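To keep things clear, I will list the structure first and then write my remarks on it.
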Amino acid sequence: MVSRVIPVEPFDLVIFGGTGDLARRKILPGLFRRFCAGQMPPEARIIGAARADMDGAAYREMVAGAMEEFGGGFTCEDKTLRAFLDRLDYLAIDARGDKGWAELQEKMKGKDRIEAYYFSVSPALFGDLAERLQKWGMADKDARIVVEKPFGRDLDTAKKLNGTLAAYFNEDQIYRIDHYLGKETVQNLMAVRFGNMLFEPLWNAQYVDHIQITVAETVGVGGRGEYYDKSGAMRDMVQNHLMQLLCLIAMEPPARFDPDAVRDEKLKVIRALDPVEPHHIVRGQYQAVPMDEADHPGYRTAVGDARSRTESFMALKVHLSNWRWAGTPFYLRTGKRMSARSSEITVVFKDTPHSIFGEEAGRHRNVLSIRLQPNEGITLGVTIKEPGPGGMRLIDVPLDMTFAEALAGEAGEQVDAYERLIMDVIRGNQTLFMRGDEVEAAWTWTDPIIQGWEARNDVPKPYDSGSDGPTDSDELLRREGRAWRGVAP
Ligand code: NAP
């Protein structure tokens, strides 16, 4: 199967923070892959910007190194890499000063092409960048800005940030990235739901027992300890990534697959979320396991605060008050230093109303698993007769579609979320980006949960590194006769 790669229109992309970790690990390797795929027109220009003084040649050398380090084994002919590097330039610019802005203005002047500005810097600089882009005449109505997470740390800060950006740019110029939305399977979630007759009639409280969303990481906080300790799993993962997944799984079919129709439906999901009761919240903090402490320190050691109360694990039972989902629990779970790296959405259907095979046939439920990582794909558990002459014994077998296997060739190639989203920015398609009101609605739901545990002086429960979180997380489901689906791949 060969996919069609349609080149985007000529563009200039300025990456503020072009020397930073995100630019080197994700943005630039992603752009290179699109270049190799033939999606980037020859006129496209990428301009890295940061305070460090260096010339274009030194920047290109740095980027070539990043391709080697973070390309993930991706190879492309040397001459293609050189051709890509030729698209790159660098300017020393201070977001908080005047340095470099006149030069950038000169570079961007009079070109009839798409202009995009990627704010891959601390959110504290977003306002400074937006203000200077306007001051130097680059915030015209066709310009686009891309902003990274975190988008605020509560409703108040998110509103202020939205207000600051809105002072210089219209909403249709602002691309708030949540890279989870760029994952192939996440988009497939919409294709599966709204492109098939099979699932949608069953996609409601009448037929679905419950839904689980798990995003498990094996890594700890690593070098991000200082940042992470001020944030925690609720702000870092639940408020954005898990809520976006919840929206896509729970939303009504939009009338059209266009940005505002999709985002209107997602917003309705967030607004239908009930407040979460304290006994439906489990917070955890990983601890080192004996013999492994030197290699994998516990959370408090890693962040350098022996009294830290920040959670590295969250599990929540969540309800939506709407016609479709009333009474169906959604269980959300995310954590660091867990047993396996796994992101999965699991839809557990209800029992058949009556078993004609009698009690000895056991309880069998259809389970639809949507794997985001690793091995992106979809599995539907179906109940069949166990083969052989042993009578009518039932077993569950998977109908499995692993995308990498099912879609051989170029179409099956795993495109990284970032490269897909950057191309969407250039195409001017905001469907997979969060709108300002969505972000604010997400914080409106999240804030009271955080304030609640702060008021209760809640201390996260310790869990062993390499486990699946505190036992309270298992108990959250067990007391209702349910269990987490394992995170092991
Ligand atoms: P980083 O490694 O600390 O890089 C920051 C970049 O900003 C550097 O290029 C730095 O270069 C530049 N910078 C700092 N102050 C500046 C100023 N006053 N004017 C112009 N440039 C300035 O950070 P990062 O990890 O790449 O993260 C960037 C953004 O992406 C943050 O908002 C972060 O939350 C978000 N994000 C990162 C990741 C990730 O995996 N890294 C994931 C999700 C979201 P100079 O010091 O030379 O100026």
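Remember, predicted model here, so these are calculated numbers, not experimental data. For the single chain, residues carry numbers from 1 onward in sequence order. In each ligand, atom 1 is the first atom listed, and ligand 1 is the first ligand listed.
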Looking only at protein heavy atoms, identify the closest one to [atom] and say how far it is in Å.
atom: atom 28 (C) of ligand 1; value: Ser120 O, 3.3 Å
atom: atom 29 (C) of ligand 1; value: Val121 O, 3.5 Å
atom: atom 35 (C) of ligand 1; value: Lys149 O, 3.3 Å
atom: atom 14 (C) of ligand 1; value: Arg51 NH2, 3.6 Å
atom: atom 44 (C) of ligand 1; value: Glu148 OE1, 3.1 Å
atom: atom 6 (C) of ligand 1; value: Gly17 CA, 3.5 Å
atom: atom 24 (P) of ligand 1; value: Leu22 N, 3.8 Å
atom: atom 25 (O) of ligand 1; value: Asp21 CB, 3.5 Å

Atom indices of ligand 1, in the order listed, that fall short of 4.0 Å to a heavy atom of [X]:
X: Pro123; value: 32 (O)
X: Gly20; value: 2 (O), 4 (O), 8 (C), 9 (O), 26 (O)
X: Thr19; value: 8 (C), 9 (O), 11 (O)
X: Ile93; value: 19 (N), 20 (C)
X: Asp94; value: 17 (C), 18 (N), 19 (N)
X: Ala52; value: 47 (O)
X: Pro150; value: 34 (O)

[X] and [Y] ion-paired at < 4.0 Å:
X: Arg144; Y: Asp424; value: no
X: Arg235; Y: Asp154; value: no
X: Asp156; Y: Lys160; value: yes
X: Asp236; Y: Arg224; value: yes
X: Lys336; Y: Glu217; value: yes

Is_contact(atom 3 (O) of ligand 1), protein non-hydrogen, under 4.0 Å: no
Over all atoms of both residues, closest heavy-atom pair of Ala340 and Ala216: O-CB, 3.5 Å
Per-residue contact class, Leu125 against ligand 1 - non-hydrogen pairs under 4.0 Å: side chain
Options Arg224, His179, Arg25, ranked by nearest heavy atom to atom 40 (O) of ligand 1, top entry: Arg25
Please confirm whether the backbone N or O of [Y] pairs with a side-chain atom of [X], one donor and one acceptor, at under 3.5 Å?
X: Asn170; Y: Asp172; value: no
X: Glu103; Y: Ala92; value: no
X: Tyr418; Y: Leu28; value: no

Nearest-0.5 Å distance, SG of residue Cys36 to CG of residue Leu81: 7.5 Å
Proximity of Trp101 and Phe16 rings by center, below 6.0 Å: yes
Thr310 vs Asp229, side-chain hydrogen bond (donor to acceptor under 3.5 Å, both in side chains): CA-CA, chis, key distance, verdict: CA-CA 6 Å; Thr310 304; Asp229 201 44; 3.0 Å; yes
Geometric N/O contact Ala95 with ligand 1, under 3.5 angstrom: yes
